[in-house]
Amino acid sequence: MKPAYFTKGFKAFLMTQMLGAFNDNFFKMLLSLYFISILQFPNAEELLFQASLAFTAPFLIFGPWSGYLADRYAKTKVLQITKAAEIPIMILGTLAVASAQPTFMNIVLFLMASQSAFFSPAKAGFIPETVGEAEISHANGWVEMTTFFAIIAGQALTGILLNLHHNRAIVITYYCIVIAIMGTLASRFITPTAPSGAKGPFPWNPFSAIFKDLRYLKSYRGLFLAGLGNSYFWLLGLIFQVNIIVYGKSFLHLSETYNSLLAAFLAVGIGVGSMLAAKLSGKKVELGLVPLGGIGLTFFSTLLFFTKTSYLASGMTLFLLGISGGFYIIPLFAFLQFEAGFNEKGRVLATVGVMNALFLVIGAFLYKLLAVQLGLAPDVLCLIMGILTLAVVIYICTLIPEYFIRFLAWLLTHSLYRIKIKGQENVPFHGPALLVVNHISFIDALLVGATIQRFIKFIMWKKIYDMPVIHFFCKIMHVIPIAPYEGREAVMASLAQGRACLQAGELVCIFPEGGITRTGELQPFKKGFETIMEGIHAPIIPVCLKNVWGSIFSFEGGKVFFKWPKKFFYPVTVEYGQPLPPHTTAEAAESVLRQMLA
């Protein structure tokens, strides 16, 4: 069965989104080049600041309205209606360019952004409604890749077509009208969706609704923090999108054609990074990629300060900066779609859009302060944004250290092993469950934790838990230590912690053999997990680690750690069996694991 993001209706959605992104950036780049190179306004930076403000304000003003419409009505209908509005807006754009009046052009930008503001929450909410939870990261990867390739085309073709038509900007606007018509036609084939069933009055006062929605989002800490991280990316993107044009003109002395192509390096990188992020995430939302992407954004932003004498070096740096941006943004956006309630996705995503708009407005004023009022050169601006991003990355790592640790575990396991996953769908996305796993190596917990979406509360032998360095990571991941050598009372306390986690709706993992096998054979199961499950109505998921015996962290040969791996990318399988009832005995669970091993 092919994934939902390869169906005809989803492809029509991708085409609609892609043509809209193309037109937005095509027209914005046209105005930027028109201001700087064709009309040669002396205060081009000020005009770019005004244009940025005009394009961001609607996302702030109309956020509550767009969120209400996306939740109240079928998202496909909202997409089709708002897409049709692009045609008359592009006709107005032709008249604005003909007038050569910056104010008229900024009004058109405001209308373009208004259309995008109503389109965006429905677009983002459409994805989780039409693809499975395990496909969200991949679907977002495809959306972001096609979007940024459309951005590339829009930015790159502007300069090329201006040159082809001898800088007659009015001719270029005809292309915008044609693209708007094509996008509207494509939207007619998008997969139909039903209204979510959300109720409530229309928020006639958008400004009071903004504060109400922000307070609502803040009550969900994870969603609010993901929204903040998402918004910072758009602030950074706005500054770079404007700054790159001036960077290319000031230091590299580029023509319109090559200057628009310079911005395309960044967009290509974001598209590639988005697909890589989806690939690395597998069938889960991998927020551990966010700090990694942030580190890349910091490094390559700073590197632009040193590449200003070379077009190729600047282009490659922007490409790598874009890849880092894809790593940063895809997990955050997938998390927002994954965690938001079914009837509230439009409201949540629209509120995040409001936050994005606030940060874009801040970004516009920050650009004006640094580039216009302080007169800082574009390379210095890149350096400053790199330093600012470093501070953001450090803050993110303090907020979500468990995600970064989980991703480091993912990197370690996938550097040493080639992991095949079976039965992943048997682990519930929500609610309590107990994983019972055969214990073959010191890295078993990492193998299990790196192959499913949810965080796991592992029950670990206390002597390993107390080891230097390992203890630090175990504390962050809320590992439950267990020490049979400290007596029955200590063991019962640890098992009680595991039961409390299940009662709280969490995923708990226990290795019921009580220790790592020294022979490669499955050892008899102890009855500790029966104690955990007393009074708990949750499934028991048998997890079978296959082919791990013989790898570097197993006891094959009588020792572990102090030996060379037989080969890198050692093939192992992590298989999740069919859920067992909560009253399953240790003997019955052991029998199931033996059958899975056989």
Side-chain angles (χ1 to χ4, degrees), residues 29 32-33 36-37 43-46 48-49 52 148 151-152 155-156 159 229 231-273 290-329 359-360 362-397:
M29 180 61 77
S32 297
L33 295 175
I36 293 175
S37 302
N43 58 336
E45 285 86 356
E46 177 65 30
L48 289 175
F49 160 72
S52 298
F148 280 102
I151 291 171
I152 299 160
Q155 293 177 340
S231 298
Y232 177 76
F233 176 80
W234 292 108
L235 178 151
L236 194 66
L238 179 140
I239 291 176
F240 269 96
Q241 190 174 31
V242 178
N243 193 50
I244 287 168
I245 299 170
V246 185
Y247 182 97
K249 193 76 175 176
S250 302
F251 295 120
L252 303 173
H253 311 293
L254 301 177
S255 65
E256 289 78 17
T257 300
Y258 283 102
N259 207 359
S260 60
L261 284 172
L262 186 65
F265 280 101
L266 180 63
V268 171
I270 295 176
V272 173
V290 177
L292 187 66
I295 291 168
L297 288 172
T298 297
F299 179 77
F300 295 114
S301 296
T302 306
L303 190 60
L304 282 170
F305 180 80
F306 303 97
T307 60
K308 55 188 175 233
T309 58
S310 168
Y311 180 82
L312 181 60
S314 297
M316 289 307 300
T317 302
L318 285 168
F319 173 71
L320 295 171
L321 181 70
I323 289 179
S324 303
F327 278 25
Y328 180 92
I329 195 65
F359 274 69
L360 286 170
I362 293 170
F365 278 101
L366 182 61
Y367 177 78
K368 181 177 182 180
L369 171 66
L370 298 175
V372 180
Q373 295 181 344
L374 297 181
L376 297 179
D379 60 330
V380 176
L381 196 55
C382 291
L383 183 62
I384 290 173
M385 295 313 297
I387 295 169
L388 180 60
T389 303
L390 176 62
V392 171
V393 171
I394 293 171
Y395 182 60
I396 288 173
C397 287

Self-check item: Point-to-point distance, once rounded to the nearest 0.5 Å, from CG of Leu266 to OG1 of Thr317
Solution: 11.0 Å
Quiz prompt | Full working for side-chain contact (heavy atoms from CB on, under 4.5 Å) between Leu238 and Phe359 | solution = CA-CA 10 Å; Leu238 179 140; Phe359 274 69; over 6 Å; no
Quiz item: Stepwise, does the side-chain contact (heavy atoms from CB on, under 4.5 Å) test hold for Tyr247 with Ser314?
Solution: CA-CA 10 Å; Tyr247 182 97; Ser314 297; 3.4 Å; yes
Exercise. Kindly assign one of parallel, tilted or perpendicular to the pair Tyr328 and Phe233, based on the angle between their ring planes and the thresholds 30° and 60°.
Key: parallel
Quiz item: Measuring from Leu321:CG to Met385:CE, what's the distance to the nearest 0.5 Å?
Solution: 11.0 Å
Practice problem: Provide the closest heavy-atom pair for Ser250 versus Pro378 in the form atom of the first, atom of the second, distance. | Solution: OG-CG, 4.3 Å
Quiz item: For Phe299, does the CZ atom have more than 12 heavy-atom neighbours from other residues, nucleotides or ligands under 6.0 Å away?
Solution: no
Quiz prompt | Gap separating the CG atom of Leu252 from the CG atom of Leu312, nearest 0.5 angstrom | solution = 11.0 Å
Practice problem: Identify the heavy atoms of Phe251 and Ala377 that sit nearest to each other, and give their distance. | Solution: CZ-CB, 4.0 Å
Exercise. For residues 384-395, pull every pair meeting side chain to side chain donor-acceptor pair (under 3.5 Å), keeping only residues two or more places apart or in separate chains.
Key: Tyr232-Thr389
Self-check item: Spatial distance of atom SG (Cys382) from atom CG (Leu303) [nearest 0.5 Å]
Solution: 10.0 Å
Practice problem: Check Ile239 against Gly363 and note the closest heavy-atom contact, atom names and distance. | Solution: CG1-O, 3.7 Å
Quiz item: Hey, mind stepping through Lys249 and Val246 against side-chain contact (heavy atoms from CB on, under 4.5 Å) and telling me if it holds?
Solution: CA-CA 5 Å; Lys249 193 76 175 176; Val246 185; 5.7 Å; no
Quiz item: Atom CG in Leu388, atom OG1 in Thr298: separation rounded to 0.5 Å?
Solution: 9.0 Å
Quiz item: With sequence neighbours left out, what residues match Ser231 under side chain to side chain donor-acceptor pair (under 3.5 Å)?
Solution: Asn356
Practice problem: Check whether any side-chain N or O of Lys308 sits under 3.5 Å from a backbone N or O of Phe305 as a donor-acceptor pair, and report yes or no. | Solution: yes
Quiz item: Roughly how far, to the nearest 0.5 Å, is CG of Asp379 from CD1 of Ile384?
Solution: 10.0 Å
Quiz item: Do Phe319 and Val272 have side-chain heavy atoms sitting under 4.5 Å apart?
Solution: yes
